[in-house]
Amino acid sequence: MKTYKYSDLSKTDITTLVQRNVDPANEIRQVVEDIIANVRDNGDAALYSYAAQFDKVDLDKLYLDGSEIAELASTVSTEQKDALKLAYDNIYKFHQTQLKAEEKVVTMPGVICWRENRPIEKVGLYVPGGSAVLPSTLLMLGIPARIAGCREIVVCSPPQKDGKINAFIAFVSTLLGIDKIYLVGGAQAVAAMAYGTESISKVDKIFGPGNQFVTKAKTIIQSTTLAAIDMPAGPSEVLVIADETSNPIFIAADLLAQCEHGPDSQAVLVATSQQIIDNAIAEVEKQISTLPRAEIAAKAIANSYAIQVDDLSQAIDFSNLYAPEHLILATENWQQITDKIINAGSVFLGNLSPESVGDYASGTNHTLPTSAYAKAYSGVSVDSFLKKITFQYINKEGIINIGPAVELLAELEGLDAHKNAVSVRLNS
Ligand SMILES: NC(=O)c1ccc[n+]([C@@H]2O[C@H](COP(=O)([O-])OP(=O)(O)OC[C@H]3O[C@@H](n4cnc5c(N)ncnc54)[C@H](O)[C@@H]3O)[C@@H](O)[C@H]2O)c1
Ligand SMILES: N[C@H](CO)Cc1c[nH]c[nH+]1
Ligand SMILES: [Zn+2]
């Protein structure tokens, strides 16, 4: 893991350090554009051929139905079901409070304005399943979709080599009342949900994290206006801020937890002394050898770095520039700096708040913006599945109060028909 001293870095160095997941030669874009075009033109046939090419399986059909899902779910042990239900309950509790009706506002006598929630009707949920299968992601997407009241929920996830889906995803589907799972992964799943195919319905918005192919497909689809997306939620990343009150064993464990997601994940350690960095790196080296996914984690660690800063305030300045998906304040002094956080997807406070807890079960959502998109996007929430429609009601008193000003505003924009729509009412 490379180490830098913040005070030695130029502005250009910092810009380079905070940049990630770039596709400089547009290689991923090219692959993904071809996949999208193929799915658009050939529908299901393209999906069968990508399952064979990428997932190494010859599928008989592109989905599992309710009885197949129930059969797979029945193989999950009681202990495993209980853990998934605990996660379900906490995520449900946290997200349910997000569904709030807003008050009506009388902006002037007789003029009443308000917003009402309406669910997005058809949503597509992508559940990653390349290097690790993530049933937790189905919880993170399915629960807010259900709370919002979306009418149609399409779920896509890469098939296993036996042409089925992971039993835990099946069990979560039964918790969510989802009775069809499409065996489609990668950019082709995003394209299928955006265009629709013979088997898969076109949706209005596509949700979910994924690797660089999935994320690139989502951003391309968004620009076609065929479907909206939640956000770019690509390879996982974490930034850990540490000081003399931090525990190097915990720091290393948290860095490795995100690095085991994939070779293109990134972990950044920002610490107030070189000693803290050295201790944490020594721990990373110790812990990594014990991990079954050591090879993946090692590649991500090679893509990671540490920065020595003067104090916690400088650490937060760097973090705000990096805008991490996950920010861990691994210090007993976290209360000094929380109000200085400007850009982050989800934040973990103190030494006993591992990021893994948020990944699975604290209740917060783990579908979060990566690649510095935390500067502008929030993680998935119930709001992501809703539209907020504005309403206004104007009565006789209201049109008398507001009408003359609107007539004038229309006049100054030279829009006479606008003015007339008010005048005819004032004169009626
Ligand atoms: N940001 C978040 O909120 C968040 C949450 C969970 C996971 N993640 C990230 O999701 C990612 C999951 O990645 P994954 O790969 O395990 O699963 P995935 O489901 O995202 O991708 C697997 C699919 O990628 C496609 N693919 C693989 N190689 C390809 C190639 N060379 N060309 C074209 N398509 C190809 C295949 O279709 C395959 O089915 C990880 O990077 C993880 O860090 C992010
Ligand atoms: N850390 C991932 C978000 O970047 C979410 C996840 C799912 N399972 C384990 N982790
Ligand atoms: Zn994780």
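Whatever order the structure lists ligands and atoms in, that order sets their numbers, starting from 1. Scope of the values below: all heavy atoms of this structure, side chains included, with no hydrogens, waters or symmetry mates.
- Of all the heavy atoms of Asp55, the ones lying under 4.0 Å from any atom of ligand 1 belong exclusively to the side chain.
- Residue His366 has no nitrogen or oxygen atom sitting less than 3.5 Å from a nitrogen or oxygen atom of ligand 2, judged on distance alone.
- If you look at Glu325 next to ligand 1, the close heavy atoms, those under 4.0 Å, all belong to the side chain.
- Between Arg20 and Glu325, no side-chain nitrogen of the basic residue sits less than 4.0 Å from a carboxylate oxygen of the acidic one, so the salt-bridge criterion is not met.
- Which parts of ligand 1 touch Thr367 is read off a 4.0 Å heavy-atom cut-off, strictly below it: atoms 3 (O).
- The shortest non-hydrogen separation linking Ile200 to Tyr182 is CG1-CD2, 3.5 Å.
- Computed with the Zn ion (ligand 3) at the centre, the Asp359 OD2 to His261 NE2 angle is 180°, stated to 10 degrees.
- The side-chain heavy atoms of Ile220 and Lys216, taken from C-beta on, include a pair separated by under 4.5 Å.
- The residue among Thr370, Leu368, Asp359 with a heavy atom at the shortest distance from atom 10 (N) of ligand 2 is Asp359.
- Considering only non-hydrogen atoms, atom 11 (C) of ligand 1 lies nearest to Gly210 out of Gly208, Pro128, Gly210.
- Among protein heavy atoms, atom 8 (N) of ligand 2 sits closest to Ser136 OG, 3.4 Å.
- Neither the backbone nor the side chain of Glu237 comes within 4.0 Å of ligand 2, counting heavy atoms alone.
- Taking both residues in full, the closest heavy atoms of Tyr126 and Pro209 are given as CD2-O, 3.1 Å, listed atom of the first, atom of the second, then distance.
- Under the ring pair (Phe, Tyr, Trp, His ring centres under 6.0 Å) criterion, Phe54 pairs with Tyr50, sequence neighbours left out.
- At a heavy-atom distance under 4.0 Å, only side-chain atoms of Gln188, from C-beta outward, approach ligand 1.
- With Phe385 as the aromatic partner, Arg146 does not meet the cation-pi criteria of under 6.0 angstrom to the ring centre and within 45 degrees of the ring axis.
- Contact annotation for Ala132 and ligand 1: only backbone heavy atoms (N, CA, C, O) come within less than 4.0 Å of the ligand.
- Taking each heavy atom of Thr370 and Pro235 in turn, the nearest pair found is CG2-O, 3.4 Å.
- Close N/O approach between Thr137 and ligand 2 is not found [any backbone or side-chain N/O within under 3.5 Å].
- Of all the heavy atoms of Thr370, the ones lying under 4.0 Å from any atom of ligand 1 belong exclusively to the side chain.
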